[in-house]
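Working notes for the structure below.
The chains referred to below are lettered A, B, ... by the order of the sequence lines, with proteins before strands, and numbering in each begins at 1. Treat the numbers as computed from the prediction; the structure is a model and nothing was measured.
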Amino acid sequence: MSKLVALGTYLPPWGNEKVRVPGLDEDALTMGVEAGLAACSASDVDITKVIFVSRSLPLLLGGNAAALLGGLGLPQAVEVIEQVGGAPAVLDAIATATPGTLVVTADVDGGAAGGAAVIGEGVGLESRGRVHRSLPVRVEGRDGVLHEDDDPRLQRESGSRVALQALNLADAPFVVAGLPPREAASFAAPGAPALPVQGASSAIFALAAAGESSGSHVVVALEQASASAVELDGDVFTARVEPVAQPVEKRTTHPGEIKVALTAYDRAFESKLYWQAGKCPSCGTLALPQRYRCIECGEEGTSELVPLPRTATVYTQTTIRVPVPGLSTPYSLCVAEMDGVGVRSLVTVTDAPSNSAAIGASGRMVLRRVATRAGVPDYGYAFSPEGHVDRPAPSITGGAR
Amino acid sequence: MRRVAIAGAGMTPFTEHFGLGIKDLVPMAVSEMESHVDKGLNRADIEAAWFGELSTTDGFPTGILADTLGLLDIPVSRVENACATGQDALRNAVYAVASGHIDVALVVGADKVRETSARTTFWEWMGMTRDMAWDFPLGLVAPANFALHVQRYLHEAPATKEHLAMIAVKNHRHALPNPKAQLRQEITVEQALNAPIVVEPFGLFDCTPQSDGAAALLIVGEEVVDRYTDKPIWIRGFGLGLDRVMHQHKIDMTTFPATKKAAARAYAMAGLRPEDIDVAEVHDCFTGVELISYEDLGFAERFEAHKLVEAHDSSIGGRIPVNPSGGLKAKGHPPGATGVAQCVELFEQLRGEAANQVEGAKIALAHNIGGPTAVSAVTILGSEKG
């Protein structure tokens, strides 16, 4: 039994209304952060633990926790559990979570999305059973090769139906997550809400649907032949970042690699992930990146990182159309000026087709995988121009190491 | 400080020299310079050399200069200062001669851009010239570096992309008679405007080509100049200016403060004003950069650079002809050689020997801006000692 306080959902703005695809600068971590920030914006729970459940964890070696905490604006001392799992695992994680837990999930393939749940003093959520069976209709091992069975009826009859029966639910569930809409509807009670995704994050979308419908509801999540059920006992608010889908812009990826200097990566990490500038304690001037000598008064060695505003205005911008090794063209860059503080940053433009952030446009700074450098996801903030993706005003604006 | 003159100047053609390496281009440029020294040059007179080279191809730059020129018994220094490299090599040589420590110095600028594929060359340079954590991963390629300025300039000033195209047309036309120029073909405003976009707002014809080449100058003190020529060209002034490196720290991107500082120093040293300049070679790696530079160099009032273009004031025959050689845009741009080659052009202009002569030119100005628009060099030359 746990107490659910708020939910967050995120759909990338690319693809169509049936299937979303991640932007080239998005991965499970950035989409999980989008949903996590949305969920946290709707609650005042002090997060002390993060559980990141996904079948598409960006890194298998090297770890995702530091970048995840940075993007969420949580202290680096917060416990992080990285868990490989699908929709049933997400329901289980939420149902067994202690107060102060943020469960984050995201899908990259087969419908991209992110989801998050804040657990604290909220609405009761209790497990109504789980079953683990094996029907490996889609498998991918350490060799990274995907093997898919081509018999959808096998999945339906020996996977979904048997797993659902094993749960021994009294009635058909209010909503079923983890299946295509028609399949999901066939196993759910009449009038079940259709979910826009089928992966791990569909569990969050299902809870959101249940939480927005008055009364107590059973939610089931399926994955292959495994299933988990929970009962949600009341209304839960969901902060949704679900923009209208726009067609994917055609971009050409050019061979080559953007080299990485891990020394520079390490020095800039905290500032880049928490979106912080150096502040001179002597004159108060902000500098991005943080610098040894104050850009204004010359004070040396005393700069301290402070959070930057997340809203900005374009000072100048350009779009690169020539091939650039290791990047996908066209792409847009802009010098964005943070509202209220005048600090500028050269950043990529995201969430919109190239060349659509004009001088003077306002928007938000959002965490993106700015580049992949020799295999290293290089996270940083990108400018999301207004009018493409609406987000709730975040209550979290940075943290400290 | 004693007066210093250019007694000889020469350069290789600027082009894609696939068949020639840096070890060929350097001696070719120096031999051409030597052949233009009116009274001849005994190489044993050269007491020191400065070598401007931005990239390093085929190895250790100063050693290559000494080795390929047979100058193994003099000190050689390499200068690298982004697109101000060539003029900064000259500046250092002039200091040495002006101080009286030496009488005769050699300045060579060279670069072999086309040693790597056209697609990767500039990107490889980016890896050396960008903040590795903040700017490099964004793909801030060289044209984008300048485009961020020009986009803001076009936003604030009345100038348009048509004015950029008119500069491209002018510089292509100027290059036609120049045997050293890389792009000797006339283009129209329509062609320039309809060309594929490289980086907004620059189309293909707004951009310099990728060039190989070398250029050389013989720098002498006034007491010995008569040994070499009766028509020396005098170094009247020079200046180097810097600015913040990262774009986010440049407060007003419609201007290049580095240029203003370099120009102010050069004008002050020469005791001259912008209206005294008869001909100029201005950094036009991208057309919009030439436009902004009119204002920074004092040739036009703020946000009125386009009027110079509209009135053809910066064309041959105009009030202040700019880039009679074709400029970086059409003559070519091997960065280390560029600033030196601008002085080769102006040496010829001031002696009345240029391929595309500006009649009666007595005072000339060379200008470079580069290194994420953070360094600029300005050199003022004169046919009179001043």
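- The local environment of NZ in Lys261(B) is crowded, with over 12 non-hydrogen atoms from other residues, nucleotides or ligands closer than 6.0 Å.
- Using a distance-only test at 3.5 Å, with no hydrogens or angles considered, a donor-acceptor pair links the side chain of Gln151(B) to the main chain of Gln317(A).
- Counting heavy-atom pairs closer than 4.5 Å to chain B, the top residue among Cys334(A), Ser332(A), Pro325(A) is Pro325(A).
- For chain A, the nearby parts of Asp252(B) are the backbone and the side chain; heavy atoms of each come within less than 4.5 Å.
- Of the listed residues Val141(B), Asp131(B), Ile251(B), Asp135(B), the one with more heavy-atom pairs under 4.5 angstrom with chain A than any other is Ile251(B).
- Closest heavy-atom contact between Ile258(A) and Phe136(B): CG2-CE2, 3.4 Å.
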Side chain to side chain contact (heavy atoms under 4.5 Å, CB included) between Val198(B) and Arg321(A), intermediate numbers included: CA-CA 5 Å; Val198(B) 173; Arg321(A) 300 191 184 279; over 6 Å; no

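- Without hydrogens or angle criteria, Gln248(B) side chain to Leu288(A) main chain gives a donor-acceptor distance under 3.5 Å.
- The backbone N or O of Leu148(B) sits less than 3.5 Å from a side-chain atom of Thr316(A), completing a donor-acceptor pair.
- Looking only at side-chain heavy atoms (C-beta outward), Pro289(A) and Met246(B) come within less than 4.5 Å of each other.
- Of all residues spanning residues 374-388 of chain A, those with a heavy atom less than 4.5 Å away from chain B's heavy atoms are Asp378(A), arranged by number.
- When heavy atoms are compared at a cutoff of 4.5 Å, Tyr315(A) approaches chain B by way of both its backbone and its side chain.
- Sparse packing is recorded around CD of Glu296(A), with 12 or fewer heavy atoms of other residues, nucleotides or ligands lying under 6.0 Å away.
- The two atoms that bring Ala133(B) and Lys272(A) nearest to each other are O-NZ, 2.6 Å, heavy atoms only.
- At distances below 3.5 Å, not a single donor-acceptor pair connects side-chain atoms of Thr318(A) with backbone N or O atoms of Ala144(B).
- Proximity to chain B (any heavy atom under 4.5 Å) is shown, for Ile320(A), by both the backbone and the side chain.
- Proximity to chain B at a heavy-atom threshold of 4.5 Å picks out Val370(A), Ala371(A), Arg373(A) from residues 365-373 of chain A, in numerical order.
- Under a cut-off of 6.0 angstrom, the local environment of CD in Glu301(B) is sparse, with at most 12 non-hydrogen atoms contributed by other residues, nucleotides or ligands.
- If you tally non-hydrogen atom pairs under 4.5 Å between each of Thr263(A), Leu333(A), Thr329(A), Val347(A) and chain B, the highest count goes to Leu333(A).
- For the pair Leu346(A) and Trp134(B), the minimum side-chain heavy-atom distance is 4.5 Å or more.
- Side-chain atoms of Arg344(A) come within 3.5 Å of backbone atoms of Lys250(B) as a donor-acceptor pair (strictly under, hydrogens ignored).
- Across Arg152(B), His249(B), His155(B), His247(B), the residue that shares the most heavy-atom pairs under 4.5 angstrom with chain A is Arg152(B).
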